[in-house]
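Here is the structure we will look at.
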Amino acid sequence: MKAAAFGESNYPRNMWWVAALSSEVTEGALVSRQVVGRSVVLRRTSTGEVAALEDRCPHRGAPLSLGDVIDDNISCRYHGLQFAPDGRCVHVPTQDHVPARSEVRAYPVREIGPLVWIWTGDPDRADEHAPPEFDWAGNADWLHVSGAMPLQANYMSLKENVLDLTHFGFVHANTFRIRGWVKPPDVSVIDDVVRFEVTYDNVPLPHIDATMSGLGRRRVSSTTWGRSLSPAIHEAGMDARLVEPAPDERTDYHFRILHITTPASPRMTNYWWFVGTDYGHDIDGVHDWLRASITDGFIEDKVVLEAIQAAADADPEYARGPEVSVTADRAGLHARRQLQRLLDREHGPDEPVVASDIGSASTNEERKA
Amino acid sequence: MKAAAFGESNYPRNMWWVAALSSEVTEGALVSRQVVGRSVVLRRTSTGEVAALEDRCPHRGAPLSLGDVIDDNISCRYHGLQFAPDGRCVHVPTQDHVPARSEVRAYPVREIGPLVWIWTGDPDRADEHAPPEFDWAGNADWLHVSGAMPLQANYMSLKENVLDLTHFGFVHANTFRIRGWVKPPDVSVIDDVVRFEVTYDNVPLPHIDATMSGLGRRRVSSTTWGRSLSPAIHEAGMDARLVEPAPDERTDYHFRILHITTPASPRMTNYWWFVGTDYGHDIDGVHDWLRASITDGFIEDKVVLEAIQAAADADPEYARGPEVSVTADRAGLHARRQLQRLLDREHGPDEPVVASDIGSASTNEERKA
Amino acid sequence: MKAAAFGESNYPRNMWWVAALSSEVTEGALVSRQVVGRSVVLRRTSTGEVAALEDRCPHRGAPLSLGDVIDDNISCRYHGLQFAPDGRCVHVPTQDHVPARSEVRAYPVREIGPLVWIWTGDPDRADEHAPPEFDWAGNADWLHVSGAMPLQANYMSLKENVLDLTHFGFVHANTFRIRGWVKPPDVSVIDDVVRFEVTYDNVPLPHIDATMSGLGRRRVSSTTWGRSLSPAIHEAGMDARLVEPAPDERTDYHFRILHITTPASPRMTNYWWFVGTDYGHDIDGVHDWLRASITDGFIEDKVVLEAIQAAADADPEYARGPEVSVTADRAGLHARRQLQRLLDREHGPDEPVVASDIGSASTNEERKA
């Protein structure tokens with residue numbers, strides 16, 4: 001939260017970002033998306049693979065996503081030039097040959113489980129990295145639900161939101177009905193991953209889990225944790241164990257969620273969430289109910305984050321105002337540093353992008369740590 | 001009119017501005033408002049007083065007006081930090097102590113009669129000034145009606161509008177039905193107050209007063225006057241005396257109005273009006289009728305003033321175009337000078353803010369005065 | 001296409017532009033319009049002539065188009081100043097004399113056939129030029145239909161669109177149902193006029209003409225041509241001759257269309273079309289049907305052109321992206337050069353406005369020519 005987060009580009013390019021949920025890219029459809037400032041058209045080709053091209057015809061600039069698919073090529077809506085999945089122009093209806101330099105940029109793509117990842121940075125470096133994988137996300141024994149919620153705010157505001165769950169009792173008091181989460185968690189940073197964890201002994205199951213597990217408000221020992229794996233993705237979970245199980249009763253329940261944050265622009269974020277649980281399969285209509293329950297809560301975050309962004313955009317003094325940090329911000333502040341390290345690596349240490357504010361904000365936090 | 005009025009900040013800070021009508025600030029409610037470029041949250045505390053804080057949590061920037069009131073403190077919607085009416089942070093849910101420098105700015109407030117005044121300038125100088133008072137506005141024997149009409153235009157355009165009532169016959173021909181007001185008034189400037197006055201002998205009562213007084217279009221000697229007390233507020237009135245009263249018939253009727261103009265930004269104005277009359281109490285439904293009648297007319301001003309602002313915003317040449325003044329503009333031109341003096345005092349004479357155009361515009365007017 | 005077309009002013013002033021269709025300017029009405037960046041108010045005076053004034057009162061800046069017509073003068077809505085058709089201020093209600101320099105700018109106007117032309121450049125040079133005339137447009141034996149379609153895109157994008165009809169099979173496949181127009185036309189440039197022409201022998205009549213002529217899909221030899229007479233206007237036509245007429249059967253059918261492109265601003269275009277045919281009079285409801293049919297098709301162009309503009313406006317890299325030209329672009333590229341010559345004449349050759357991109361784009365095209 002500071003100038004950089006409010007209006008400037010604060011996203012590294014040389015990393016994998018999510019371009020779409022797999023379920024969004026169906027064969028024959030052309031999906032237009034802003035990904036870290038690039039216009040991209042995604043589609044599933046006849047081989048079942050996802051291809052990503054720059055969404056701009058090099059002829060007269062029409063978005064390719066307005067076009068049609070013909071013979072596994074995208075046919076531009078305007079003059080019918082055709083582009084193969086690899087970006088080559090393969091047909092110009094008005095002449096026999098294809099002009100030089102008429103290819104569009106094709107972006108490396110990886111589809112892993114429910115996510116389609118894209119690389120918009122230096123193409124030669126894509127293979128140096130790999131997107132993360134999540135066993136539970138592809139585990140057919142688990143229940144899965146997902147949602148997309150475009151956010152008119154910088155993506156880091158959502159990152160920091162999910163790194164500090166003490167907001168639940170205030171933002172989500174009437175939806176998730178969790179009020180007591182005010183204990184600052186343990187925070188660790190290993191390599192570039194920021195992790196927090198907090199355990200509550202002998203507390204009632206949260207509302208959603210109480211309903212889905214059929215256990216009602218029975219008491220559990222509950223460990224809530226999250227880890228920001230990169231600016232692109234955050235994995236979180238709750239591991240609950242019944243405090244007083246009946247004989248032979250199942251004791252352990254697991255909830256997982258991915259928070260996927262791909263900047264469209266400095267002020268607009270493609271935000272998706274993807275949930276998995278190892279319970280609840282037998283509840284009638286559970287998918288719809290869970291999707292609606294989570295959406296109700298996340299809209300509350302959206303309202304707050306967009307209000308902050310809008311106020312800062314409308315008034316530079318608001319954006320530049322003081323920022324006081326508390327102990328519960330430790331994980332979020334580490335995520336800012338994680339981001340800064342990535343930006344420094346990309347731009348060189350002499351060109352800091354969001355560094356200045358982090359030092360001062362963390363002073364406050366460090367003092368308490 | 002001119003660059004400053006169209007797009008730049010042309011409002012002094014070291015003066016009292018109206019933040020709200022008293023009736024808008026009810027206990028328990030949090031009223032968010034832009035006041036001379038500041039985001040302010042207003043509320044009525046348990047003691048009945050109005051408190052005004054900066055509408056921005058110093059923790060992560062959420063507008064405090066999204067929050068709740070708990071124990072006479074504002075509780076931030078995002079992480080539950082609590083702020084007392086004086087701006088001190090008194091509670092952080094996740095820790096025992098309150099961080100240093102976590103207070104929000106509290107603005108001096110004065111509630112006088114129907115108006116809540118705020119001081120956003122140098123706090124040490126608030127007591128050097130006092131907001132104006134209006135006996136009639138608090139006189140329970142008078143009939144009172146008010147309205148709020150946000151205006152997408154610089155506040156000075158409304159100031160100049162009410163300082164020259166010769167626009168009535170053109171803007172309000174079909175609502176107020178006053179067509180003959182084309183006589184330029186007498187204008188005087190005493191200290192910083194610009195005053196105009198014009199008397200029409202033996203004219204029919206204007207439509208609204210004819211209806212409310214029950215006199216119909218009987219003829220009166222009518223004095224219409226206005227005084228710009230500061231950039232914040234303009235008081236106007238009509239004093240009418242029956243030309244041929246019946247024996248023992250009441251002869252004098254008084255209409256008063258406040259035009260309250262608080263800039264939200266250079267292009268947006270919080271505009272309120274507050275009317276009082278010493279007649280009309282016995283008319284059925286008079287409050288609603290009078291409110292609707294005045295609103296109908298003032299919407300006509302809004303249309304014209306917003307059209308001027310929009311045209312100027314869309315086209316710099318339009319904004320920079322010539323401005324010809326006539327005799328009827330004298331009061332308005334004095335108000336520009338009054339404003340310029342205030343801005344000079346605040347910024348120093350070496351930093352004129354809207355001066356340049358006033359000299360040339362007034363040349364034309366002075367020549368005729 | 002390219003920076004200049006996307007966001008900068010790329011319209012010459014010293015030429016005739018269309019301000020309105022004649023049918024839009026009816027007596028008593030005040031028509032407000034943005035014409036090459038100027039706010040203009042058009043009206044038909046009591047003599048039947050069209051007058052065009054700057055749409056801005058020199059007194060306090062109100063748009064004159066908000067006013068009324070009184071005694072063949074425009075009366076300003078705000079304070080009733082009156083302006084004659086030649087722009088002179090002739091009445092100030094509040095005083096006996098009219099201030100100096102209170103005239104508004106009057107623009108030269110020519111009404112020819114269905115079009116009202118305006119000159120916003122150097123007034124002394126208006127008579128050096130003359131707007132084009134079109135016999136068929138005023139020929140009462142022809143059927144005429146017109147439409148207005150404001151376009152949120154630079155006007156040159158529409159110019160280039162109608163100079164390359166090979167887009168019909170892709171943009172209009174489902175409306176005009178013409179799919180085979182992929183033959184690049186012959187292109188010629190004579191003086192400043194860019195002309196293209198292409199003939200298809202023994203093809204079925206296009207859908208619209210098939211219906212209107214009552215000939216169905218009978219086969220014709222069809223010559224389709226267009227000529228960009230200036231940045232303001234493009235005339236196009238189709239001349240069709242029946243391949244196997246019956247004895248004494250009519251053999252020749254003519255379709256004409258004007259594409260009229262007046263920039264309101266660099267990103268907004270007043271676009272009108274005006275059609276004439278020498279057949280179809282006897283079809284019931286033909287005017288409405290033809291207007292609707294053409295509108296359906298042109299909305300498809302609007303969608304594509306506005307998508308290109310929006311993408312370029314949202315992303316400077318999109319706007320600056322590569323542009324590859326093909327043989328079919330020859331006429332459009334010549335039109336860019338035609339425009340550049342006009343801009344050079346106006347600004348001097350040392351101040352090129354859109355030149356840089358034309359050379360490189362045309363290299364590709366020249367190579368094939």
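Note: hydrogens, waters and symmetry copies are ignored here, and every other heavy atom, side chains too, is used.
Here B:V171 is the residue among B:D164, B:T166, B:V171 with the most heavy-atom pairs under 4.5 Å with chain C.
Interatomic distance, B:F168 CZ to C:H79 NE2, rounded to the nearest 0.5 Å: 10.5 Å. Rounding to the nearest 0.5 Å gives a distance of 8.5 Å between CZ of B:F170 and CG of C:L81. How far CG of C:D96 is from OG1 of B:T327: 9.5 Å, rounded to the nearest 0.5 Å. If you take OH on C:Y78 and CG on B:L305, they are separated by 4.5 Å, rounding to the nearest 0.5 Å. A distance of 10.5 Å separates CD of B:E317 from CZ of C:R56, quoted to the nearest 0.5 Å.
Closest of all the heavy-atom pairs between B:I308 and C:A62 is CG1-CA, 3.5 Å. Here the shortest heavy-atom pairing between B:V326 and C:P99 reads CG1-CG, 3.6 Å. Taking both residues in full, the closest heavy atoms of B:V304 and C:L66 are given as CA-CD1, 4.2 Å, listed atom of the first, atom of the second, then distance.
Of the charged side-chain nitrogens involved, none lies within less than 4.0 Å of a carboxylate oxygen, so that C:R77 and B:E300 do not count as a salt-bridged pair.
Here the side chain of B:Y318 pairs a donor or acceptor atom with the backbone of C:G61 at under 3.5 angstrom.
Heavy-atom distances place the backbone of C:C76, and not its side chain, under 4.5 Å from chain B. Contact annotation for C:D55: only backbone heavy atoms (N, CA, C, O) come within less than 4.5 Å of a heavy atom of chain B. Using a 4.5 Å cut-off between heavy atoms, B:N161 touches chain C through backbone and side chain atoms alike.
Enclosure of atom CG in B:N202 by more than 12 non-hydrogen atoms of other residues, nucleotides or ligands within 6.0 angstrom is indicated. Environment of CZ in B:R217: crowded, with over 12 heavy atoms of neighbouring residues, nucleotides or ligands closer than 6.0 Å. Heavy atoms from other residues, nucleotides or ligands lying under 6.0 Å from CZ of C:R88 number 12 at most.
Side-chain contact annotation: B:S325 with C:R60, donor-acceptor N/O pair under 3.5 Å present.
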